[in-house]
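In each ligand, atom 1 is the first atom listed, and ligand 1 is the first ligand listed.
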Amino acid sequence: MKRIIPFILFAISNLPFSAACAQDYAREPRFRALVYWEPRAEEAHVQFDKQAMEFLHKLTYGEGWIMDCTTSLAGYTLERLKQYSVVIALNAQPHAPEERKAFEEYMEQGGGWLGFHAAAYNDRNTHWPWFNKFLGCGTFYCNNWPPQAALVCCDTQQNPVTRSLPAEFVAPPSEFYQWQPSPRENPDVEVLLSISPKMFPFGIKDIVHGGDFPIVWTNKNYRMVYLNMGHGDEGFIDATQQLLFTNALRWVVSRDPKSKLLTPNS
Ligand code: ZN
(Lines give C-alpha, C1' and ligand atoms only; values in the text may rest on other atoms or scores of the structure.)
Protein backbone atom coordinates (compact mmCIF):
# COMPACT_ATOMS: atom_id res chain seq x y z
CA MET A 1 0.00 0.00 0.00
CA LYS A 2 2.81 2.40 0.92
CA ARG A 3 4.28 1.95 -2.55
CA ILE A 4 0.95 2.70 -4.22
CA ILE A 5 0.32 6.11 -2.55
CA PRO A 6 3.28 7.93 -4.15
CA PHE A 7 2.19 6.54 -7.52
CA ILE A 8 -1.37 7.81 -7.03
CA LEU A 9 -0.13 11.27 -6.05
CA PHE A 10 2.14 11.35 -9.09
CA ALA A 11 -0.76 10.32 -11.34
CA ILE A 12 -3.13 12.99 -9.90
CA SER A 13 -0.57 15.74 -10.30
CA ASN A 14 -0.39 14.94 -14.00
CA LEU A 15 -4.12 14.89 -14.69
CA PRO A 16 -5.16 17.17 -17.56
CA PHE A 17 -7.47 19.20 -15.31
CA SER A 18 -4.54 20.72 -13.44
CA ALA A 19 -3.52 22.40 -16.67
CA ALA A 20 -7.10 23.52 -17.26
CA CYS A 21 -7.26 25.07 -13.77
CA ALA A 22 -4.02 26.92 -14.33
CA GLN A 23 -5.47 28.39 -17.53
CA ASP A 24 -8.58 29.33 -15.64
CA TYR A 25 -6.64 31.36 -13.09
CA ALA A 26 -4.63 33.03 -15.81
CA ARG A 27 -7.76 34.41 -17.52
CA GLU A 28 -7.49 37.95 -18.76
CA PRO A 29 -10.09 40.57 -17.81
CA ARG A 30 -13.28 39.79 -19.70
CA PHE A 31 -13.89 43.28 -21.14
CA ARG A 32 -13.16 46.99 -20.86
CA ALA A 33 -15.74 49.65 -20.01
CA LEU A 34 -15.54 53.42 -20.23
CA VAL A 35 -17.44 55.37 -17.58
CA TYR A 36 -18.27 58.94 -18.54
CA TRP A 37 -19.54 61.47 -15.98
CA GLU A 38 -19.53 65.23 -15.50
CA PRO A 39 -18.36 66.50 -12.09
CA ARG A 40 -19.94 69.93 -12.65
CA ALA A 41 -23.42 68.52 -13.26
CA GLU A 42 -26.38 69.01 -10.90
CA GLU A 43 -25.34 68.01 -7.36
CA ALA A 44 -27.86 65.16 -7.09
CA HIS A 45 -26.58 63.70 -10.36
CA VAL A 46 -22.97 63.86 -9.16
CA GLN A 47 -24.03 62.09 -5.94
CA PHE A 48 -25.45 59.23 -7.99
CA ASP A 49 -22.46 59.15 -10.35
CA LYS A 50 -19.94 58.80 -7.50
CA GLN A 51 -21.94 56.01 -5.88
CA ALA A 52 -22.32 54.32 -9.27
CA MET A 53 -18.56 54.35 -9.81
CA GLU A 54 -18.04 52.83 -6.35
CA PHE A 55 -20.66 50.15 -7.14
CA LEU A 56 -19.12 49.41 -10.54
CA HIS A 57 -15.61 49.36 -9.11
CA LYS A 58 -16.67 46.57 -6.73
CA LEU A 59 -17.89 44.60 -9.75
CA THR A 60 -14.33 44.71 -11.14
CA TYR A 61 -12.82 42.96 -8.08
CA GLY A 62 -10.32 40.30 -9.06
CA GLU A 63 -9.68 42.17 -12.31
CA GLY A 64 -12.77 40.60 -13.86
CA TRP A 65 -12.95 43.64 -16.16
CA ILE A 66 -11.28 46.97 -16.61
CA MET A 67 -13.11 50.20 -15.83
CA ASP A 68 -11.69 53.46 -17.17
CA CYS A 69 -13.36 56.67 -15.99
CA THR A 70 -13.37 60.01 -17.77
CA THR A 71 -14.96 63.40 -17.25
CA SER A 72 -14.45 64.41 -20.89
CA LEU A 73 -14.99 62.66 -24.21
CA ALA A 74 -12.54 65.00 -25.96
CA GLY A 75 -10.05 62.84 -27.82
CA TYR A 76 -12.23 59.73 -27.72
CA THR A 77 -12.12 58.90 -31.42
CA LEU A 78 -13.94 55.95 -32.96
CA GLU A 79 -10.76 53.87 -32.80
CA ARG A 80 -10.28 54.70 -29.14
CA LEU A 81 -13.91 53.93 -28.27
CA LYS A 82 -13.74 50.61 -30.07
CA GLN A 83 -11.55 49.08 -27.35
CA TYR A 84 -14.53 49.29 -24.99
CA SER A 85 -17.38 46.79 -24.87
CA VAL A 86 -19.59 49.45 -23.31
CA VAL A 87 -19.72 53.17 -22.59
CA ILE A 88 -21.46 53.69 -19.24
CA ALA A 89 -22.96 57.18 -19.37
CA LEU A 90 -23.65 58.48 -15.86
CA ASN A 91 -25.88 61.52 -16.36
CA ALA A 92 -23.66 62.58 -19.24
CA GLN A 93 -23.73 62.61 -23.04
CA PRO A 94 -21.46 63.78 -25.86
CA HIS A 95 -21.74 67.51 -26.60
CA ALA A 96 -19.06 68.64 -29.07
CA PRO A 97 -19.73 67.75 -32.73
CA GLU A 98 -16.67 65.52 -33.00
CA GLU A 99 -17.61 63.70 -29.76
CA ARG A 100 -21.13 63.10 -31.06
CA LYS A 101 -19.80 61.87 -34.43
CA ALA A 102 -17.40 59.39 -32.81
CA PHE A 103 -20.13 58.10 -30.49
CA GLU A 104 -22.60 57.72 -33.37
CA GLU A 105 -20.10 55.72 -35.41
CA TYR A 106 -19.18 53.60 -32.39
CA MET A 107 -22.82 52.69 -31.75
CA GLU A 108 -23.65 52.17 -35.43
CA GLN A 109 -20.70 49.76 -35.65
CA GLY A 110 -21.83 47.60 -32.73
CA GLY A 111 -20.71 49.62 -29.70
CA GLY A 112 -22.40 49.24 -26.32
CA TRP A 113 -24.12 51.88 -24.16
CA LEU A 114 -25.60 51.81 -20.69
CA GLY A 115 -27.16 55.19 -19.99
CA PHE A 116 -28.48 56.49 -16.69
CA HIS A 117 -31.00 59.29 -16.08
CA ALA A 118 -29.82 62.57 -17.69
CA ALA A 119 -27.65 60.61 -20.13
CA ALA A 120 -30.77 60.55 -22.34
CA TYR A 121 -32.13 64.00 -21.49
CA ASN A 122 -32.98 65.94 -24.61
CA ASP A 123 -35.30 68.76 -25.55
CA ARG A 124 -35.78 71.16 -28.42
CA ASN A 125 -32.35 72.71 -27.74
CA THR A 126 -30.41 69.45 -28.08
CA HIS A 127 -30.32 69.53 -31.92
CA TRP A 128 -29.16 65.94 -32.34
CA PRO A 129 -31.74 64.01 -34.38
CA TRP A 130 -29.61 60.82 -34.43
CA PHE A 131 -29.77 60.75 -30.62
CA ASN A 132 -33.56 60.41 -30.67
CA LYS A 133 -33.33 57.67 -33.29
CA PHE A 134 -30.80 55.89 -31.07
CA LEU A 135 -32.79 56.32 -27.86
CA GLY A 136 -36.02 55.34 -29.56
CA CYS A 137 -37.98 57.95 -27.64
CA GLY A 138 -39.07 61.53 -28.04
CA THR A 139 -38.01 64.44 -25.90
CA PHE A 140 -38.25 65.02 -22.16
CA TYR A 141 -41.86 65.86 -21.26
CA CYS A 142 -42.23 66.02 -17.44
CA ASN A 143 -41.05 64.57 -14.15
CA ASN A 144 -42.13 63.93 -10.58
CA TRP A 145 -40.72 66.22 -7.89
CA PRO A 146 -39.35 65.78 -5.27
CA PRO A 147 -37.46 62.53 -5.78
CA GLN A 148 -39.66 59.75 -4.54
CA ALA A 149 -39.70 55.97 -4.27
CA ALA A 150 -41.91 54.34 -6.91
CA LEU A 151 -43.68 51.06 -7.47
CA VAL A 152 -42.34 49.79 -10.78
CA CYS A 153 -43.50 46.88 -12.98
CA CYS A 154 -41.57 44.62 -15.32
CA ASP A 155 -43.08 44.87 -18.81
CA THR A 156 -41.43 41.57 -19.69
CA GLN A 157 -39.57 38.93 -17.77
CA GLN A 158 -38.30 37.22 -20.93
CA ASN A 159 -35.38 39.61 -21.34
CA PRO A 160 -32.17 38.73 -19.39
CA VAL A 161 -32.25 42.22 -17.83
CA THR A 162 -35.55 41.58 -16.02
CA ARG A 163 -35.80 37.78 -15.92
CA SER A 164 -34.48 37.50 -12.36
CA LEU A 165 -36.49 40.47 -11.02
CA PRO A 166 -39.85 40.32 -9.26
CA ALA A 167 -42.82 41.34 -11.43
CA GLU A 168 -43.19 44.48 -9.29
CA PHE A 169 -40.87 46.15 -6.79
CA VAL A 170 -40.36 49.50 -5.09
CA ALA A 171 -37.49 51.43 -6.68
CA PRO A 172 -35.56 53.79 -4.37
CA PRO A 173 -36.27 57.54 -4.47
CA SER A 174 -35.39 59.22 -7.74
CA GLU A 175 -36.59 61.82 -10.18
CA PHE A 176 -38.23 59.97 -13.07
CA TYR A 177 -38.62 61.44 -16.56
CA GLN A 178 -41.66 60.94 -18.75
CA TRP A 179 -41.07 61.21 -22.52
CA GLN A 180 -43.17 62.34 -25.43
CA PRO A 181 -43.72 60.38 -27.55
CA SER A 182 -43.25 57.39 -25.28
CA PRO A 183 -40.58 54.91 -26.40
CA ARG A 184 -43.29 52.23 -26.35
CA GLU A 185 -44.71 53.73 -29.53
CA ASN A 186 -41.49 52.83 -31.34
CA PRO A 187 -41.66 49.26 -32.72
CA ASP A 188 -37.86 48.99 -32.40
CA VAL A 189 -38.03 49.49 -28.63
CA GLU A 190 -38.53 46.79 -26.03
CA VAL A 191 -39.77 48.38 -22.79
CA LEU A 192 -38.39 46.51 -19.79
CA LEU A 193 -39.68 48.44 -16.78
CA SER A 194 -42.35 51.12 -16.18
CA ILE A 195 -43.71 53.21 -13.33
CA SER A 196 -46.87 51.48 -12.08
CA PRO A 197 -50.15 53.31 -12.87
CA LYS A 198 -50.90 52.85 -9.16
CA MET A 199 -48.47 55.72 -8.52
CA PHE A 200 -50.66 58.39 -10.18
CA PRO A 201 -50.87 61.21 -9.27
CA PHE A 202 -47.08 60.86 -8.90
CA GLY A 203 -45.23 63.73 -7.17
CA ILE A 204 -45.96 66.63 -4.82
CA LYS A 205 -44.53 69.85 -6.31
CA ASP A 206 -44.35 68.53 -9.87
CA ILE A 207 -47.05 65.95 -10.49
CA VAL A 208 -47.31 63.39 -13.28
CA HIS A 209 -51.01 62.73 -13.61
CA GLY A 210 -51.00 59.69 -15.84
CA GLY A 211 -49.95 58.28 -19.16
CA ASP A 212 -47.43 55.71 -20.28
CA PHE A 213 -44.30 55.86 -18.11
CA PRO A 214 -41.48 53.54 -19.30
CA ILE A 215 -38.25 53.96 -17.31
CA VAL A 216 -35.99 51.16 -18.61
CA TRP A 217 -35.84 50.04 -22.22
CA THR A 218 -33.66 48.87 -25.06
CA ASN A 219 -33.67 49.92 -28.71
CA LYS A 220 -33.33 46.58 -30.47
CA ASN A 221 -31.31 48.17 -33.30
CA TYR A 222 -28.44 48.87 -30.92
CA ARG A 223 -26.57 47.17 -28.09
CA MET A 224 -27.97 49.53 -25.45
CA VAL A 225 -30.07 49.82 -22.31
CA TYR A 226 -31.39 53.08 -20.89
CA LEU A 227 -32.21 53.29 -17.17
CA ASN A 228 -33.98 56.37 -15.89
CA MET A 229 -32.63 55.99 -12.35
CA GLY A 230 -29.73 58.28 -11.51
CA HIS A 231 -30.78 61.16 -9.26
CA GLY A 232 -29.62 61.53 -5.63
CA ASP A 233 -27.78 59.42 -3.11
CA GLU A 234 -30.26 56.55 -2.69
CA GLY A 235 -29.82 54.76 -6.00
CA PHE A 236 -27.82 51.92 -4.47
CA ILE A 237 -29.74 51.19 -1.27
CA ASP A 238 -31.87 48.44 -2.77
CA ALA A 239 -30.66 44.95 -3.75
CA THR A 240 -33.32 44.51 -6.46
CA GLN A 241 -32.28 47.73 -8.17
CA GLN A 242 -28.61 46.71 -7.90
CA LEU A 243 -29.54 43.41 -9.56
CA LEU A 244 -31.26 45.34 -12.35
CA PHE A 245 -28.13 47.45 -12.92
CA THR A 246 -25.84 44.41 -12.94
CA ASN A 247 -28.15 42.48 -15.28
CA ALA A 248 -28.26 45.42 -17.69
CA LEU A 249 -24.46 45.75 -17.71
CA ARG A 250 -24.01 42.00 -18.24
CA TRP A 251 -26.57 41.86 -21.06
CA VAL A 252 -25.11 44.78 -23.00
CA VAL A 253 -21.53 43.55 -22.62
CA SER A 254 -22.19 39.85 -23.21
CA ARG A 255 -23.50 40.61 -26.72
CA ASP A 256 -20.17 42.18 -27.72
CA PRO A 257 -18.31 39.49 -29.73
CA LYS A 258 -14.97 40.64 -28.29
CA SER A 259 -16.02 40.39 -24.63
CA LYS A 260 -15.34 37.18 -22.76
CA LEU A 261 -18.57 37.34 -20.79
CA LEU A 262 -20.99 34.44 -21.19
CA THR A 263 -24.24 35.38 -22.92
CA PRO A 264 -27.26 34.76 -20.69
CA ASN A 265 -29.74 32.15 -21.87
CA SER A 266 -32.66 34.01 -23.34
ZN1 ZN B 1 -32.27 64.43 -12.06
Participant: Leaving out waters, which are not shown anyway, how many protein N, O or S atoms lie closer than 2.8 Å to the Zn ion (ligand 1)?
Facilitator: 4

Participant: Should the pair Glu104-Arg100 be classified as a salt bridge under the 4.0 Å nitrogen-to-oxygen rule?
Facilitator: no

Participant: Please confirm whether the backbone N or O of Gln241 pairs with a side-chain atom of Asp238, one donor and one acceptor, at under 3.5 Å?
Facilitator: yes

Participant: Going by an N to O cut-off under 4.0 Å, is there a salt bridge joining Lys101 and Glu98?
Facilitator: no

Participant: Please tabulate, for the side chains in residues 55-62, all donor-acceptor contacts under 3.5 angstrom to protein atoms that are two or more places apart in sequence or on a different chain.
Facilitator:
residue	atom	partner	partner atom	Å
Thr60	OG1	His57	O	2.6

Participant: Are the side chains of Phe116 and Asp49 in contact, using a 4.5 Å heavy-atom criterion?
Facilitator: no

Participant: Charged N to carboxylate O below 4.0 Å: is that the case for Arg184 and Asp155?
Facilitator: yes

